[in-house]
Protein chains: 2
Amino acid sequence: MTSDGSPFDPLIAKLRRLAPIDDADEAALLALPHRVGRARARDYLVREGSRPQECCALLEGYAARSKLGFNGGRQIVSFHIPGDLLDIQHLFLERADHNVQVISEATLLWVSMPALRALATERPAIGTALWRDALIDASIFREWILNVGRRDAKSRIAHMLCEFIVRRSAAGLGTPEHTRLPFTQEEIGDATGLTSVHVNRMLRELAEAGLIARNGRALEIVDWDGFRRAAGFDAAYLHAAA
Amino acid sequence: MTSDGSPFDPLIAKLRRLAPIDDADEAALLALPHRVGRARARDYLVREGSRPQECCALLEGYAARSKLGFNGGRQIVSFHIPGDLLDIQHLFLERADHNVQVISEATLLWVSMPALRALATERPAIGTALWRDALIDASIFREWILNVGRRDAKSRIAHMLCEFIVRRSAAGLGTPEHTRLPFTQEEIGDATGLTSVHVNRMLRELAEAGLIARNGRALEIVDWDGFRRAAGFDAAYLHAAA
DNA sequence: CGGTTCTTTGACGAGATTCAATGCCGGTGG
DNA sequence: CCACCGGCATTGAATCTCGTCAAAGAACCG
């Protein structure tokens, strides 16, 4: 079965990377109650404390999960690329414990949460794909704890960018060398537990070291191996599929 | 069905808090191929890079998940109490992406990983319980990213201790007020991204503020409400079941 | 173009690390 | 029963990374 032009394409491509999805599985996915929507930068897709009834997949654009600290500071806990399920983290939980926000213009696929939950138990391959997706997300969260807790500012930023670039190219959305990043420096700071001011300083140092090049808001990796080394980046925690 | 004295008791009690486990589910759990083992402080239960064949549940004692940074620093990413499944994070993944270590004398239940995986798909209630457990673990990881990324040293330590105490009393293993903590200050530092020296200073300040009292290695919460407030602790992310 | 958002830079201060030394406690063996 | 020893806790002083505050410049958007 082919599904040319279906809004499910990026999602199905991702699930196929996680488990052997057959034609019947794909048909079941395509039959899910769903709708397609658009969102602009900063729109919320999930709000902390809400009770999500739909599960959201990203078709185009980028998104971030975040939590708010007591003093108003925002901590981003993960970034997401097209094909990612943004709300599988609440598939079996009542209330959202964090926010999901779009960080650029985005297209979204909204799927009924109960229907997806039913599919997860009725179709083993889909269940396995969702399990693996959730567990890989958790692995990424663990790596971020290490990143924020034990790396210095420069390698912390480099590591976060490495991950993003590797995941994006694993999804067939670009190469490591030529990358137009969708982040503001503030967002990089919110993801790494740094201030945007310090992010700026570290990016300058990374550029001065010849690892990256910047013009305007775009960023290019000049020396990918050196950059990975500066980040201390080892992709094992992505389990070759994120 | 009762199961007095079975090594599965702590695990089943935990799963019952997560989903409606019936007698047939319990019988299926009890029929899993398993063995009971002991471990001493610092023993590894799971090693990063290995291919776990058994899933390990904690029956007595305490354990921690950890990852190593490039410079040799250890980052603890979660603590675990009796009843916790220590390796559900690798139930659907090939290679372990982190270590699990015992931090005190412990008793363990080892269960066949493929058999547990089969149960997760064949028995919906068990599947749901495992899903919820894994998703709550992930929620805790996200909270730790926020903790390490956005809180200052004192509230960071207090938050980590709050979580541990709340989870322990939710499992019926003690009250918030009287708590003998199993951590060294070094372990608290490894969990919070701080040095043991600084942990020591912050604990002294928390004691001087009248929130906790220490004698020797034991620690007692004097003012639970004040302590929670100092931590900025809100248990919502535990989803009332961890 | 005019306003807004994002980036860049400098000076200063605060919080946490590092290094180093001492003290305490529990366990072990003579 | 006591002396020793190893692991942890405690403390101080010097240092450094990163945050804060503030201001100006560049890029983007309608």
Side-chain angles (χ1 to χ4, degrees), chain A residues 40-43 62 64 69 71-76 101-105 147-158 160-161 180-208 212-220 230, chain B residues 40-43 69 71-76 101-105 147-158 160-161 180-208 212-220 230:
Chain A
R40 284 169 320 187
R42 292 177 206 186
D43 283 357
Y62 299 98
N71 53 2
R74 176 176 70 156
Q75 177 70 46
I76 292 176
Q101 255 175 304
V102 157
I103 61 172
S104 62
E105 286 264 317
N147 200 35
V148 174
R150 283 282 174 239
R151 283 192 255 262
D152 64 16
K154 205 187 297 185
S155 50
R156 206 185 293 185
I157 293 167
M160 184 230 103
L161 296 175
R180 175 86 164 75
L181 294 173
F183 312 116
T184 65
Q185 294 180 4
E186 178 118 26
E187 286 162 343
I188 297 175
D190 285 349
T192 49
L194 300 164
T195 58
S196 63
V197 173
H198 205 60
V199 169
N200 183 282
R201 286 195 265 260
M202 295 299 105
L203 286 176
R204 182 161 54 74
E205 287 189 21
L206 286 166
E208 284 167 357
I212 63 175
R214 295 173 304 153
N215 52 343
R217 212 148 292 173
L219 189 147
E220 193 180 336
Chain B
R40 283 169 319 187
R42 291 178 208 183
D43 283 355
N71 53 2
R74 175 175 73 155
Q75 176 70 45
I76 291 177
Q101 255 175 304
V102 158
I103 63 172
S104 62
E105 287 264 320
N147 201 36
V148 174
R150 282 282 174 239
R151 283 193 256 261
D152 64 15
K154 205 187 297 185
S155 49
R156 206 185 292 186
I157 293 167
M160 185 232 103
L161 296 175
R180 177 86 164 74
L181 293 173
F183 312 116
T184 65
Q185 294 180 2
E186 177 117 26
E187 284 162 345
I188 296 175
D190 284 350
T192 50
L194 300 165
T195 58
S196 62
V197 172
H198 205 59
V199 169
N200 183 283
R201 286 195 259 261
M202 295 299 104
L203 286 177
R204 182 162 54 74
E205 288 189 21
L206 286 167
E208 283 166 357
I212 62 175
R214 296 173 302 153
N215 53 342
R217 211 148 292 173
L219 188 149
E220 193 180 337

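Chain letters run A, B, ... following the sequence lines, proteins first, then strands; residues in each count from 1. Keep in mind the model is a prediction, meaning the values are calculated, not measured.
If you measure from atom CD of A/E105 to atom C1' of D/dG30, you get 14 Å, rounded to the nearest angstrom. In this structure, A/N71 places its CG atom 13 Å from C1' of D/dT20, rounding to the nearest Å. Look at NE2 on B/H198: it is 9 Å from P on C/dG15, rounded to the nearest Å. Atom pair B/M202:CE and D/dT11:P shows a separation of 12 Å (rounding to whole Å applied). In this structure, NZ of B/K154 is placed 12 Å from C1' of C/dG15, rounded to the nearest angstrom. Rounded to whole Å, the distance from CG on A/D152 to C1' on D/dC18 is 11 Å. Spacing between atom CG of B/N215 and atom C1' of D/dC8 amounts to 15 Å, rounded to whole angstrom units. A/R150 places its CZ atom 17 Å from the P atom of D/dT17, with the value rounded to the nearest Å.
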request  = Might you work through the side chain to side chain contact (heavy atoms under 4.5 Å, CB included) test for B/I188 and B/I76, ending with a clear yes or no?
outcome  = CA-CA 9 Å; B/I188 296 175; B/I76 291 177; over 6 Å; no
request  = I would like to know whether B/E208 and B/R204 meet side chain to side chain contact (heavy atoms under 4.5 Å, CB included); could you show each step before the answer?
outcome  = CA-CA 6 Å; B/E208 283 166 357; B/R204 182 162 54 74; 3.2 Å; yes
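Using a 3.5 Å distance cut-off with no hydrogens or angles, the side chains of B/Q101 and B/R74 do pair a donor with an acceptor.
Direction change of the helix axis from one end of the helix from C/dC1-D/dG30 to C/dG30-D/dC1 to the other is 50°, with five pairs defining each end axis (rounded to 10°).
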Please tabulate, for the side chains in residues 193-200 of chain B, all donor-acceptor contacts under 3.5 angstrom to protein atoms that are two or more places apart in sequence or on a different chain.
{"unit_1": "B/T195", "atom_1": "OG1", "unit_2": "B/H198", "atom_2": "N", "d": "3.3"}
{"unit_1": "B/N200", "atom_1": "ND2", "unit_2": "B/Q185", "atom_2": "OE1", "d": "3.0"}

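Across all strands shown, A/G189 has no heavy atoms under 4.0 Å from either base or sugar-phosphate atoms.
Residues B/R150 and A/D190 meet the side-chain proximity criterion, which asks for heavy atoms closer than 4.5 Å. The closest side-chain heavy-atom distance from B/I103 to B/E187 is below 4.5 Å. For the pair A/K154/A/R201, no side-chain contact is recorded, criterion being any heavy-atom separation below 4.5 Å from C-beta on. The side-chain heavy atoms of A/R214 and A/L203, taken from C-beta on, include a pair separated by under 4.5 Å. Contact annotation: the side chain of B/F183 approaches that of B/L161 to within less than 4.5 Å [non-hydrogen atoms, C-beta and beyond].
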Table of protein N/O atoms under 3.5 Å from nucleotides 6-9 of chain C N/O atoms:
{"unit_1": "C/dC6", "atom_1": "OP1", "unit_2": "A/R42", "atom_2": "NH2", "d": "3.0"}
{"unit_1": "C/dC6", "atom_1": "OP2", "unit_2": "A/R42", "atom_2": "NH2", "d": "3.2"}
{"unit_1": "C/dT7", "atom_1": "OP1", "unit_2": "A/Q185", "atom_2": "N", "d": "3.4"}
{"unit_1": "C/dT7", "atom_1": "OP2", "unit_2": "A/Q185", "atom_2": "N", "d": "2.9"}
{"unit_1": "C/dT8", "atom_1": "OP2", "unit_2": "A/Q185", "atom_2": "NE2", "d": "2.6"}
{"unit_1": "C/dT8", "atom_1": "OP2", "unit_2": "A/N200", "atom_2": "ND2", "d": "2.6"}
{"unit_1": "C/dT8", "atom_1": "OP2", "unit_2": "A/R214", "atom_2": "NH1", "d": "3.1"}
{"unit_1": "C/dT8", "atom_1": "O5'", "unit_2": "A/N200", "atom_2": "ND2", "d": "3.2"}
{"unit_1": "C/dT9", "atom_1": "OP2", "unit_2": "A/R204", "atom_2": "NE", "d": "3.1"}

